[in-house]
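Below: one structure, written as structure tokens.
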Amino acid sequence: MPFNPKQYYRRFWAGHAGKLHFRAHSHHFWPDISREAQITYWDECAKLSDNKWDKIFSETIPRTQNHIASILGLADARQIALAPNTHELSTRLLSLFVGRKSLNILTTTNEFHSWRRQFFRLMEIPNITIHQVDANNFPHDRDAFLQAMRTELSKHYDLVFLSQVFFDSGAALTDSEIASLVAVTPDSTLFAIDGYHGFAAIPCCLTKLEGKVFYLGGGYKYGQGGEGVGFMVVPKGNWRPAYTGWYAEYAKLSGLAGQTVGYADDAMAFMGSTQDPSGFYRFNAVWDLFKAEGIDIPGIHDYVVGLQKSFLENLPRYFMQNWSLTPLFDPALVWHGHFLTFEASSLDLAERCLQTLNSHDILIDRRGARLRFGFGLYQDEADVMALCQRLQELVG
């Protein structure tokens with residue numbers, strides 16, 4: 001790791017002068033080099049216009065896929081589909097079941113808002129059944145949750161959708177825990193992992209699960225490429241999602257149009273239609289830089305855990321007492337996401353605490369009664385100490 005990774009984020013810090021931004025889990029700062037990449041994209045559009053797509057599909061997208069494959073320990077980068085966001089990809093995944101008389105989905109009570117909303121809407125449709133395993137107590141009793149999942153997995157669901165890091169607590173499943181669940185899942189069940197809060201944050205190796213699971217993530221948070229870089233790792237197969245676009249048949253566009261809808265024989269089968277590709281340029285620039293500087297995921301994770309531990313060592317206990325906050329994590333942080341969650345005794349108390357912090361230029365966020373403090377590569381020890389000092393001033 002470089003001595004001072006904060007040096008790569010000067011423009012974002014200039015835009016947040018005087019503020020303590022601890023929302024890395026919500027909107028991670030982008031390295032300065034991503035601005036140069038954005039301008040490069042515009043200049044190439046001016047030079048190439050329609051012909052830009054040839055370059056994007058032959059150079060830009062493969063580069064993005066290769067970076068993602070490297071981060072996740074995947075051998076076949078061609079099995080990574082890209083889209084503006086993960087919800088589009090997850091919806092395309094669901095469209096594999098269009099025409100079925102019934103659909104049974106297994107998930108948890110603590111999936112992120114977009115999926116949760118989608119699940120509740122689907123439950124209004126006859127013959128769609130969604131079972132949610134209670135994950136609220138996962139931070140305190142992992143074994144009970146894993147056993148409940150194993151019990152349900154024996155019941156032959158059509159689709160499993162499970163978070164790698166739960167968005168409301170930061171509690172994370174290990175690679176081996178995920179593998180143990182996949183191992184007891186029937187072959188006929190599609191297994192999808194929401195990796196949005198895990199990708200490019202906690203070390204994750206999908207080598208043993210490659211070809212067995214769908215894995216969704218993106219560049220908006222720890223990927224640091226911003227919006228427009230959603231992806232899904234896809235097992236090999238003859239996939240024909242009903243929700244489809246021209247990207248899925250890009251290689252065959254110059255051929256004669258037929259009555260049969262064609263699909264690529266790799267993850268491109270899940271690609272959609274025209275989108276803004278500038279996010280790929282930003283993402284590639286960031287991870288080209290990190291590769292050149294020797295910045296990898298284990299190094300990033302160790303750096304962030306160091307910041308988290310420093311925060312916990314210096315966090316004023318009176319701040320927690322005043323707001324009746326309970327930590328939802330093991331202070332040892334042996335395996336945890338990059339944000340620390342504290343639960344207030346009520347929604348009202350959590351909201352008042354959040355607004356008080358915002359009014360003092362401490363930027364965190366809230367999910368229900370849970371307050372989240374996020375840590376990232378753009379912060380340093382001085383920022384953590386400034387945060388703790390400002391919290392101390394609030395309690396007098």
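Start at 1 with the first residue, then count along the sequence. From a predicted model like this one, the values you see are computed outputs, not experimental measurements. Atom set for the values below is all heavy atoms of this structure, side chains included, hydrogens, waters and symmetry mates excluded.
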Please work out whether the ring planes of His27 and Phe12 are parallel, tilted or perpendicular, with thresholds of 30° and 60°. tilted
Any donor-acceptor N/O pair, Asp175 side chain to Cys204 backbone, under 3.5 Å: no
Determine yes or no for a side-chain-to-main-chain donor-acceptor pair under 3.5 angstrom, with Ser70 supplying the side chain and His67 the backbone. no
Pairwise distance CG(Leu122) to CD1(Ile128) - rounded to 0.5 angstrom: 5.0 Å
Determine the minimum heavy-atom distance between Ile202 and Gly337, stating which atoms define it. CG2-CA, 4.1 Å
Can a donor-acceptor pair be found, under 3.5 Å and without considering hydrogens, that links the side chain of Ser26 to the backbone of Arg23? no
Apply the hydrophobic cluster definition, ILVMFWY joined by side-chain contacts under 4.5 Å directly or through others, and give me every member besides Ile39. none
Tell me whether Asn314 contacts the main-chain N or O of Phe311 through its side chain, where contact means a donor paired with an acceptor under 3.5 Å. no
Can you tell me if His25 and Tyr222 form a side-chain donor-acceptor pair at under 3.5 Å? no
What do you reckon, is CG of Asn238 surrounded by more than 12 foreign heavy atoms closer than 6.0 Å? no
Taking the cut-offs as 6.0 angstrom to the six-membered ring centre and 45 degrees off its axis, would you call Arg282 and Trp30 a cation-pi pair? yes
Ser278 side chain to Asp276 side chain, donor-acceptor N/O pair below 3.5 angstrom: yes
Counting only heavy atoms not in Arg390, do more than 12 fall under 6.0 Å of its CZ? yes
Of all heavy-atom pairs between Val304 and Leu377, which one has the smallest distance, and what is that distance? CG2-N, 4.4 Å
Taking every non-hydrogen atom, the tightest pair across His113 and Phe167: NE2-CE1, 3.9 Å
Minimum heavy-atom distance Leu312-Pro331, with the two atoms named: CD1-O, 4.2 Å
Between Arg92 and Glu88, is there a side-chain N and carboxylate O pair less than 4.0 Å apart? yes
With no hydrogens and no angle check, do the side chains of Tyr247 and Gln275 hold a donor and an acceptor under 3.5 Å apart? no
Name the orientation class of the two ring planes belonging to Phe161 and Trp115 (parallel below 30°, tilted from 30 to 60°, perpendicular beyond 60°). tilted
Tyr196 six-ring face occupied by Lys221 cation (under 6.0 Å, within 45°): yes
Okay, side chain of Gln355, backbone of Arg352: is any donor-acceptor separation there less than 3.5 Å? no
Verify the distance criterion only: is there a donor paired with an acceptor across the side chains of Thr64 and Trp287 at less than 3.5 Å? no
Using the ring-ring contact (aromatic ring centres under 6.0 Å, His included) rule, take Phe112 and Phe166 through it: C-alpha gap first, then chi angles, then the decisive distance, then the call. CA-CA 8 Å; Phe112 73 103; Phe166 288 106; over 10 Å; no
Counting only heavy atoms not in Arg35 (residues, nucleotides, ligands), do more than 12 fall under 6.0 Å from its CZ? no
Would the distance check show the side chain of Asn66 and the main-chain N or O of Pro62 forming a donor-acceptor pair, the cut-off being under 3.5 Å? yes
Do Tyr9 and Gln224 pair up side chain to side chain, a donor and an acceptor below 3.5 Å, judged on atom types alone? yes
Regarding Trp335 and Thr174, is there a side-chain donor-to-acceptor distance under 3.5 Å anywhere? no
Could you tell me how the ring of His21 sits relative to the ring of Phe29: parallel (under 30°), tilted (30 to 60°) or perpendicular (over 60°)? tilted
Does the salt bridge (charged side-chain N to carboxylate O under 4.0 Å, His left out) test come out yes or no for Glu152 and Lys155, once each step is laid out? CA-CA 6 Å; Glu152 287 301 322; Lys155 298 179 181 179; 3.0 Å; yes
Looking at Glu111 and Arg116, is there a salt bridge between them, counting it only when a charged N and a carboxylate O are closer than 4.0 Å? no
Does Ser324 use its side chain to pair, donor to acceptor, with the backbone of Met320 at less than 3.5 Å? no
Between Arg11 and Ile33 (side chain of the first, backbone of the second, donor and acceptor by atom type, cut-off under 3.5 Å), is there such a pair? no
Distance-only side-chain donor-acceptor flag, Tyr263 / Glu249, under 3.5 Å: no
Is there a ring-ring contact (aromatic ring centres under 6.0 Å, His included) between Phe375 and Tyr303? Walk through the geometry before answering. CA-CA 10 Å; Phe375 300 80; Tyr303 181 85; over 10 Å; no
Should Leu394 and Leu354 be regarded as members of a common hydrophobic cluster, given that ILVMFWY residues are connected when their side-chain heavy atoms come within less than 4.5 Å of each other, either directly or indirectly? yes
With no hydrogens and no angle check, is any side-chain donor or acceptor of Arg63 less than 3.5 Å from a backbone partner on Thr60? no
Does Asp265 form a salt bridge (charged side-chain N to carboxylate O under 4.0 Å, His left out) with Lys236? I'd like the steps, not just the answer. CA-CA 8 Å; Asp265 59 3; Lys236 289 183 178 179; over 6 Å; no
Using modelled atom types and a 3.5 Å cut-off, is there a donor and acceptor pairing between side-chain atoms of Gln164 and backbone atoms of Asp194? no
Working note: Tyr220 + His28, criterion ring-ring contact (aromatic ring centres under 6.0 Å, His included); need CA distance, chi angles, decisive distance, verdict. CA-CA 7 Å; Tyr220 184 68; His28 200 291; over 10 Å; no
Can you check salt bridge (charged side-chain N to carboxylate O under 4.0 Å, His left out) on Asp168 and Arg372, steps first, answer last? CA-CA 8 Å; Asp168 57 347; Arg372 307 188 302 178; over 6 Å; no
For Leu181 and Thr185, work out which heavy atoms get closest and say how close. O-OG1, 2.7 Å
Any salt bridge between Asp296 and Lys291, counting N to O under 4.0 Å? no
